[in-house]
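Comments concern the structure below.
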Amino acid sequence: MPLAVPIAPVSVLASAAPSVRVAQAGGERPANDRSGSSLPSDSPGSGLSDDPPQRPPSVIRYPTEMRPLPGSLDAVPVFNSNSPELVLSEGILLSTFPSIGRHDFRAHLDHAFEGRFDIFSHHISRARTEAETRSLFQGIIVENPTDRPVRLEVLQGASFLTRPDALFLELPDYVDNPLGTVFSGPGSRTVDRVLRGRRQSNWPALTVLEPYESRMLMNLPIPAGTVVPTSNGRSTLLRLFSDGPVYVASLAMFAPNNADGSERIPTLEEWRGLLDRGLLVEPRDLPPTPLAEIETAPRAIYSRVAGVSIGSRWEALITDNADADRLTVPAPGEAISYGISTLHRGRLGSGQVQSAEMVRRYDDTAVASHGNYGVEYALSIPLLNSSERWREVTIAIQTPIKENTINNGALNFFDPPEDRIFFRGTVRLRYNNDRGRPVTRYVHLVQRRGQLGEPLVILRMPPGDLRLVELDLIYPPDATPPQVVSIRTEN
């Protein structure tokens, strides 16, 4: 993005890095370049449209050395159900069952899960008229296709609705969240629970599937509500282990009626009938731009995910280089940054695309798991002050303007940030404070597009000090990538 000639340095936040303000500039994203956000399309800050901001903000340059994030995604498969996000009809959202003997052969991807795997799901129901307020149920069915029992364990898991569980609330940008009581949106609340290693009580820790048996792992409503027009969303994240192969399907069904006209919960037999005889849910989301064209196309569409992606956790040891065991803190006034959920059109100068590979998918859905929703980022940062002077070192999460390359070694931010929320979720921090005492903190962050972000950690490090900081987050579906983690030594 061309920038005007920089003028005087300014301090944007009392705790932020000195930056350079440049002349008024618009956003760099081409119209309708979809970011892969899983937010409801009518939610504030959904990131699904690149309409220009109401008024052109100033652009701030944040000098930093942008490095690729070390490590990689693990090999854990993820049942990833997010397309279509808005569900307006009954049918199959995602099925990894075999297609043999089933009505819609396109809808079944024939992939069995065994060992560790995840289930991630995010869908919305909407009612535009009173006739459409009938409750939509989402069912997740699992089946043992073998002639021996299979043990299925739910290690951690959570599922929340927007209403009444997790409304999109106006929250401060930075709130300590020791008990998990701070959240905004179902994605924020769901990943917070799993980050803390919790399992909601509605999921049994262990289920034994007898030979060829099917069970409902989830049979929960996404009620749109009675006041129209209205919508509601449900976010779900499960971490599981199976000692044998299982097939999984995510289905949508409007609540059946009792004889008196009241709604009831669908039965296993009704879900099985939908699995065997149903079609893929319509209407579909927009199909993706081919990866070969995504960086040059005037309108790039990432689309939404429906399939099996590979990678539940990105573990990174952040050091000076691959042969080192520590990260030397930058010189005063300098910073080092690492991308989180970088995209094909959002590498931020790192040269790195972190989107998880899809090994099974529908042809009209995302080619890769753009955004890595539900993926845990586990960063270990062994900081070393190798100088002969005390250093004040900060670590922050930031939401820069999405760009592929950066000019003159600087990320770009807005002043003020756009009034579109691009990240809301909880981050866990573990480190020894300046008194040498171990600290574990959970902090809920809200960041808008182009927001510098406050430091999460401030360390005063004497000469020769070696301090390990561990930063963990699960990328929430109520977010729009990418973000960066920046390590800076203050002047």
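These numbers were taken from a predicted model, which means no experiment stands behind them. Along the sequence shown, residues carry numbers from 1.
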Is a donor on one side and an acceptor on the other found under 3.5 Å between the side chain of [X] and the backbone of [Y]?
X      : Y      : answer
Thr342 : Gly339 : no
Trp314 : Pro70  : yes
Tyr431 : Val439 : no
Thr190 : Pro186 : yes
Arg193 : Gln200 : no
Asp176 : Val443 : no
Arg106 : Leu280 : no
Arg304 : Thr365 : no
Asn232 : Ile222 : no
Ser89  : Glu282 : yes

Side-chain heavy atoms of [X] within contact of [Y], under 4.5 Å:
X      : Y      : value
Asn432 : Arg437 : no
Arg424 : Phe168 : yes
Pro288 : Ile301 : no
Phe120 : Phe79  : no
Arg189 : Phe160 : yes
Pro332 : Glu490 : no
Arg488 : Val393 : no
Val329 : Met461 : yes

How far does [atom1] of [X] sit from [atom2] of [Y], to the nearest 0.5 angstrom?
X      : Y      : atom1 : atom2 : answer
Phe183 : Asp192 : CZ    : CG    : 8.5 Å
Leu379 : Leu473 : CG    : CG    : 7.5 Å
Ile487 : Leu459 : CD1   : CG    : 10.5 Å
Asn80  : Asn372 : CG    : CG    : 9.0 Å
Ser250 : Ile140 : OG    : CD1   : 5.0 Å
Leu237 : Ile119 : CG    : CD1   : 9.5 Å

What I want to check is whether the side chains of [X] and [Y] have a donor and an acceptor closer together than 3.5 Å.
X      : Y      : value
Gln138 : Ser121 : yes
Gln398 : Ser486 : yes
Glu392 : Thr489 : no
Ser303 : Asp285 : no
Ser309 : Arg360 : no

Practice prompt. Any chance you could lay out the side-chain contact (heavy atoms from CB on, under 4.5 Å) test for Leu109 and Tyr362, step after step, and finish with the verdict?
Written response: CA-CA 8 Å; Leu109 301 178; Tyr362 300 125; 3.6 Å; yes
Discussion item. Between Ser312 and Asp118, is the side-chain hydrogen bond (donor to acceptor under 3.5 Å, both in side chains) condition met? List the steps.
Written reply: CA-CA 7 Å; Ser312 166; Asp118 286 2; 2.6 Å; yes
Practice prompt. Starting from the C-alpha separation in whole Å, work towards a yes-or-no answer on side-chain hydrogen bond (donor to acceptor under 3.5 Å, both in side chains) for Gln352 and Tyr338.
Written response: CA-CA 10 Å; Gln352 184 179 51; Tyr338 300 87; over 6 Å; no
Worksheet item: Please walk me through it: do Val427 and Leu445 pass side-chain contact (heavy atoms from CB on, under 4.5 Å)?
Response: CA-CA 7 Å; Val427 177; Leu445 300 180; 3.8 Å; yes
Worksheet item: Counting heavy atoms not belonging to Asn321, are there more than 12 under 6.0 Å from its CG?
Response: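 Enclosed: over 12 neighbouring heavy atoms sit under 6.0 Å from CG of Asn321.
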Worksheet entry | Arg128, CZ atom: more than 12 neighbouring heavy atoms under 6.0 Å |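 Open.
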Worksheet item: Where do His122 and Ser235 land on the side-chain hydrogen bond (donor to acceptor under 3.5 Å, both in side chains) test, with the steps shown first?
Response: CA-CA 4 Å; His122 177 88; Ser235 295; 2.7 Å; yes
Practice prompt. Would you kindly check if the NZ (Lys) or CZ (Arg) of Arg196 is within the cone defined by 45 degrees around the ring axis of Tyr442 and under 6.0 Å from the six-membered ring centre?
Written response: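 Satisfied, under 6.0 Å and within 45°.
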Which atom of [X] lies closest to which atom of [Y], heavy atoms considered:
X      : Y      : answer
Asp478 : Ser184 : OD2-O, 3.9 Å
Gly464 : Leu384 : O-CD1, 3.9 Å
Ser387 : Pro463 : O-CB, 3.4 Å
Arg116 : Val76  : O-CG1, 3.7 Å
Pro482 : Pro400 : O-CD, 4.2 Å
Leu238 : Ala158 : CD2-N, 4.1 Å

Do [X] and [Y] sit within salt-bridge range, that is, some charged N less than 4.0 Å from a carboxylate O?
X      : Y      : value
Arg467 : Asp434 : yes
Asp472 : Arg430 : yes
Arg326 : Asp320 : no
Arg239 : Glu376 : yes
Arg126 : Glu85  : no

Discussion item. Quick one, Val305 with Ser83, criterion side-chain contact (heavy atoms from CB on, under 4.5 Å). Give me CA distance, side-chain angles, the key distance, then yes/no.
Written reply: CA-CA 6 Å; Val305 176; Ser83 181; over 6 Å; no
Worksheet item: How would you list, by chain and number, every residue that makes a salt bridge (charged side-chain N to carboxylate O under 4.0 Å, His left out) with Asp173, sequence neighbours excluded?
Response: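 Listed in chain order: Arg448.
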Discussion item. side-chain hydrogen bond (donor to acceptor under 3.5 Å, both in side chains) for Thr64 and Ser337? Distances and angles first, verdict last.
Written reply: CA-CA 6 Å; Thr64 188; Ser337 299; 2.8 Å; yes
Worksheet item: Should the ring pair His344 and Tyr302 be called parallel, tilted or perpendicular, given that the plane angle runs from 0 to 90° and is split at 30 and 60?
Response: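 Correct class here is tilted.
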Worksheet item: How would you list, by chain and number, every residue that makes a side-chain hydrogen bond (donor to acceptor under 3.5 Å, both in side chains) with Tyr475, sequence neighbours excluded?
Response: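 Scan of Tyr475 (side-chain hydrogen bond (donor to acceptor under 3.5 Å, both in side chains), adjacent residues dropped) gives Gln483.
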Item to complete: Give me the one residue out of Ile401, Ile60, Thr399 that meets side-chain contact (heavy atoms from CB on, under 4.5 Å) with Phe414.
Response: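 Single pass found, and it is Ile401.
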